[in-house]
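Below you will find the structure I want to go over with you.
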2 protein chains.
Amino acid sequence: MSGRAVTIAEVARHAGVAVSTVSYVLSGKRTISADTRRRVLDSISALGYHPHAGARSLASKRSNVIALVLPLRAGMHVPVLMRFATAVVTAARRFDHDVLLLTADEGPEGIRRVAASALVDALVLMDVELHDRRVPLLRELAEPSVLIGFPAEPAGLTCVDLDFAAAGARCVAHLAERGHRQVALLGAPAVVYERGTGFARRTREGFTAAVAEHGLEGVALPCEETFDEVHATVAGLLAARPALSGLVVHNEAAVNHVLGSLRQLGRRVPRDVAVVAICPDDVAERAGPPLTSVLIPAEEVGREAVRLVMRKLEGLDVPDATLLTPHLAVRAST
Amino acid sequence: MSGRAVTIAEVARHAGVAVSTVSYVLSGKRTISADTRRRVLDSISALGYHPHAGARSLASKRSNVIALVLPLRAGMHVPVLMRFATAVVTAARRFDHDVLLLTADEGPEGIRRVAASALVDALVLMDVELHDRRVPLLRELAEPSVLIGFPAEPAGLTCVDLDFAAAGARCVAHLAERGHRQVALLGAPAVVYERGTGFARRTREGFTAAVAEHGLEGVALPCEETFDEVHATVAGLLAARPALSGLVVHNEAAVNHVLGSLRQLGRRVPRDVAVVAICPDDVAERAGPPLTSVLIPAEEVGREAVRLVMRKLEGLDVPDATLLTPHLAVRAST
DNA sequence: GCCGGTCGTCGAAGCGCTTCGACAGTCTCA
DNA sequence: TGAGACTGTCGAAGCGCTTCGACGACCGGC
């Protein structure tokens with residue numbers, strides 16, 4: 001299996017056809033008789049032939065690789081990123097593409113490099129921020145791209161994301177249905193709002209709008225991620241609003257600390273305080289008690305991003321914005 | 001910046017030299033006069049030239065890409081994987097290489113594919129298990145590879161990992177120094193031990209050996225990851241061993257639940273029970289109270305893996321096994 | 001003053017693939 | 001029955017780069 005690699009010429013000789021015929025069998029770009037096709041395919045598997053990626057990309061101007069660009073900062077919680085990543089890889093493979101992983105360390109220059117060197121055909125950017133340095137570059141690039149998340153100025157770009165506003169609103173609606181009148185949102189750390197991360201803000205907007213719509217009383221607070229800070233926030237919140245009975249938590253790292261704080265403060269979940277989280281399913285399931293939650297559909301988002309970028313590669317039209325509908329899973333915490 | 005890409009021929013014409021001269025300026029494989037070099041470099045940046053990756057890989061038989069293969073299952077906790085991944089990417093860029101991300105979905109066949117198609121020059125496998133289906137393939141591959149983690153039969157392979165046995169022992173030694181006589185290890189979920197994941201077992205072995213060496217009493221238990229199960233385990237443990245005063249936790253997902261259970265059971269940390277964790281630093285820092293911990297040095301492991309694989313690419317000798325020394329950070333929990 | 005040895009540069013031969021145009025052979029239908 | 005349209009296959013021309021051998025120009029040593 002080692003040694004020098006098998007080339008298309010050897011396959012052609014083995015099958016008794018021309019090199020171009022082998023190529024057409026593989027690409028399906030011209031009709032080939034069933035008989036010839038079979039002989040070629042047999043030779044391919046007999047010899048263990050794998051086309052040389054570089055040669056292919058040189059001749060066809062397609063590398064069959066897409067770039068997956070990691071976020072500038074780990075604003076979104078890390079496990080979620082990993083899911084996006086595996087979802088993107090899996091989806092890309094279905095389209096016969098591989099995935100090149102790019103960190104943000106290199107910044108826009110790295111994106112330009114892989115695009116200009118034809119290493120990749122297209123790009124998927126994860127966890128885009130409102131004012132993302134990489135976004136202007138994407139506009140001038142010939143290669144198609146899809147963003148996961150929304151920048152402030154999405155005109156001319158293709159963006160996919162969970163509809164966080166709807167997610168925030170969905171949580172409020174659920175609490176309202178359950179009869180809660182006074183609710184609060186514990187969100188991302190303050191610094192995340194300050195640097196304008198879209199999903200944090202959009203959740204808060206959805207929350208606030210829904211609170212008004214349902215005629216509830218509500219407050220939205222940022223939430224740090226150490227136990228002591230979470231505890232202080234929760235304690236302060238409950239002291240200031242004794243009647244508060246519904247909590248929306250949109251912060252994966254803090255979810256368990258919130259529950260711990262409530263226990264320590266003697267509030268039972270869900271009897272005294274109902275809790276809805278926006279977080280991955282496994283975090284919600286492992287919590288004590290298991291949390292009613294809106295999951296972050298990483299797989300779905302990743303798949304959709306790849307689907308869109310593939311359509312763009314084929315020159316097809318795609319919608320500028322794709323918002324995925326949030327789904328609420330009811331568990332023991334409400 | 002878009003439109004047809006700049007080729008080496010255009011750079012050569014612009015600089016008034018031969019194509020080969022430009023190539024030699026770029027690769028440094030032949031001496032070039034300072035004057036010519038400058039002219040060529042000026043032309044390169046004036047035209048914004050980026051060598052075509054496919055053409056380069058075809059001509060040079062080097063793609064300058066390494067594959068990063070994700071684990072078969074998410075045995076190790078996910079954020080740690082993400083760190084490995086970014087560390088590998090960052091380190092690879094220092095060697096002028098990019099990183100192709102491969103999931104385990106494809107299994108060994110995916111590895112063979114990217115190797116045989118010359119898409120990648122070398123491979124780094126993350127989180128290798130004791131009996132890993134992908135390992136036999138690596139032995140017959142011409143491309144060099146490095147494993148993060150150890151399979152049962154590591155002969156002929158290059159492996160890197162944190163020295164988990166030493167990490168387990170280090171935790172025990174720390175508790176012994178603090179005067180604890182009865183200690184316990186809460187490890188990975190049972191299923192992880194059953195499928196023979198190396199790092200979980202090695203930590204347990206190190207723990208057990210150190211317990212004997214220090215003349216302590218100790219027990220090692222697997223530990224599930226939902227709050228209720230963790231709580232049951234912790235409660236059972238404390239009931240069975242009232243004198244237990246030191247706890248080693250090697251399970252990221254359960255760490256916060258362990259602390260929550262102790263709180264709920266009225267045990268103060270560290271006064272009643274001291275806790276040492278083996279987990280990433282940020283998890284330890286965010287816990288309540290912040291945990292004394294042995295961190296999993298993902299960055300270091302990733303960097304080392306890349307360094308080794310690059311040496312192998314150059315045909316240099318590398319050690320079969322690289323074990324990184326664990327470091328203990330003392331915080332409030334002991 | 002000539003010879004052997006660098007040094008710096010060039011031209012050309014591939015690397016393995018895709019794709020275009022060409023062309024026999026078949027089929028269809030007036 | 002012959003013109004025209006397909007079908008299935010081939011040969012050859014690149015794609016953009018690296019690398020090998022060649023070759024002036026210049027050097028120092030005798």
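First the proteins, then the strands, lettered A, B, ... as listed; each starts at 1.
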Taking CD1 from A:Ile8 and C1' from C:dT19, how many angstroms apart are they, rounded to a whole number?
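From A:Ile8 CD1 to C:dT19 C1': 12 Å.
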
Separation of D:dT18 P from B:Ile32 CD1 (nearest whole Å):
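After rounding, the reported distance stands at 13 Å.
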
Every protein N/O lying under 3.5 Å from an N/O of nucleotides 26-28 of chain C:
none

Nearest listed nucleotide, side chain of A:Leu58, among D:dG16, D:dC17, D:dG8:
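Nearest listed nucleotide: D:dG16.
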
Which residues satisfy the side-chain contact (heavy atoms from CB on, under 4.5 Å) test with A:Arg311, sequence neighbours excluded?
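Expected list: A:Arg307, A:Leu316, A:Val318.
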
Give a yes or no answer on whether the side chain of B:Arg303 reaches the backbone of B:Ala91 with a donor-acceptor pair at less than 3.5 Å.
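Side chain of B:Arg303 to backbone of B:Ala91: no pair is present.
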
Is the backbone of B:Asp96 close enough, under 3.5 Å, to the side chain of B:Asn64 for a donor and an acceptor to pair up by distance?
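Yes; judged by distance alone, with no hydrogens or angles, the pair exists.
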
Which part of the nucleic acid does A:Ser60 contact within heavy-atom distance under 4.0 Å: base, sugar-phosphate only, or nothing?
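Sugar-phosphate only.
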
Exactly one of B:Pro144, B:Pro151, B:Ser145 should register a side chain to side chain contact (heavy atoms under 4.5 Å, CB included) with B:Leu138. Which one does?
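Exactly one candidate clears the test, B:Ser145.
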
Send over the distance from A:Lys61 NZ to C:dT19 P, rounded to a whole Å.
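That distance rounds to 10 Å.
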
For the pair made of CG in B:Leu26 and C1' in D:dT18, what is the distance, rounded to whole Å?
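So the two atoms are 11 Å apart, to the nearest Å.
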
Without decimals, in angstroms, what is the distance between B:His50 NE2 and D:dC17 P?
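Interatomic distance, NE2 of B:His50 to P of D:dC17: 12 Å.
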
Report yes or no: does A:Ser23 contribute a side-chain atom to a donor-acceptor pair with the main-chain N or O of A:Val19 at less than 3.5 Å?
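No, the answer is negative, given that no donor and acceptor are paired below the 3.5 Å cut-off.
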
Where the side chain of A:Asp121 meets the backbone of A:Ser63, is there a donor-acceptor pair that is under 3.5 Å apart?
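Yes; at least one donor-acceptor contact below 3.5 Å.
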
Within the structure, does a side-chain N or O atom of A:Arg56 lie under 4.0 Å from either OP1 or OP2 of C:dT18?
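So the side chain of A:Arg56 is within the cut-off, an N or O lying under 4.0 Å from OP1 or OP2 of C:dT18.
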
Interatomic distance where CG belongs to B:Asp121 and C1' belongs to D:dT18 [whole Å]
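Rounding to the nearest Å, CG of B:Asp121 and C1' of D:dT18 are 15 Å apart.
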
For nucleotides 10-13 of chain C, print each protein N/O atom paired with a nucleotide N/O atom at under 3.5 Å, atom names and distance only.
{"unit_1": "C:dC10", "atom_1": "OP2", "unit_2": "B:Ala18", "atom_2": "N", "d": "2.7"}
{"unit_1": "C:dC10", "atom_1": "OP2", "unit_2": "B:Thr21", "atom_2": "OG1", "d": "2.4"}
{"unit_1": "C:dC10", "atom_1": "N4", "unit_2": "B:Arg30", "atom_2": "NH1", "d": "3.4"}
{"unit_1": "C:dG11", "atom_1": "N7", "unit_2": "B:Ser20", "atom_2": "OG", "d": "3.3"}
{"unit_1": "C:dG11", "atom_1": "O6", "unit_2": "B:Ser20", "atom_2": "OG", "d": "3.2"}

Please compare A:Ser27 and B:Ala59 by the position of their nearest nucleotide in DNA chain C and report the one closer to 5'.
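Residue closer to the 5' terminus by nearest nucleotide: B:Ala59.
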
In the structure I gave you, are the side-chain heavy atoms of B:Leu123 and B:Leu141 within less than 4.5 Å of one another anywhere?
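In contact.
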
Sugar-phosphate, base or nothing in reach of B:Ser23, heavy atoms under 4.0 Å:
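The residue B:Ser23 makes base contact.
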
In whole Å, what is the span from the CZ atom of A:Arg62 to the P atom of D:dC15?
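It works out to 19 Å between those atoms.
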
Side-chain contact test, heavy atoms from C-beta onward, threshold under 4.5 Å: evaluate it for B:Lys312 versus B:Leu308 and give yes or no.
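Contact flag for B:Lys312/B:Leu308 side chains = no.
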
Backbone of A:Leu102 reached by a side-chain donor or acceptor of B:Arg93 within 3.5 Å:
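Not confirmed, B:Arg93 side chain does not pair with A:Leu102 backbone.
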
Distance, rounded to the nearest Å, where B:His52 contributes NE2 and D:dT18 contributes P:
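Spelled out: NE2 on B:His52 to P on D:dT18 is 12 Å.
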
What is the nucleic acid contact for B:Thr31, judged by heavy atoms within less than 4.0 Å: base, sugar-phosphate only, or nothing?
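Here B:Thr31 touches the bases of the nucleic acid.
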
Does atom CZ (A:Arg38) have a neighbourhood of more than 12 heavy atoms from anything else shown, all under 6.0 Å?
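Open.
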
Side-chain N or O of A:Lys29 closer than 4.0 Å to phosphate OP1/OP2 of C:dT19
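A:Lys29 to C:dT19 OP1/OP2: side-chain N or O found under 4.0 Å.
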
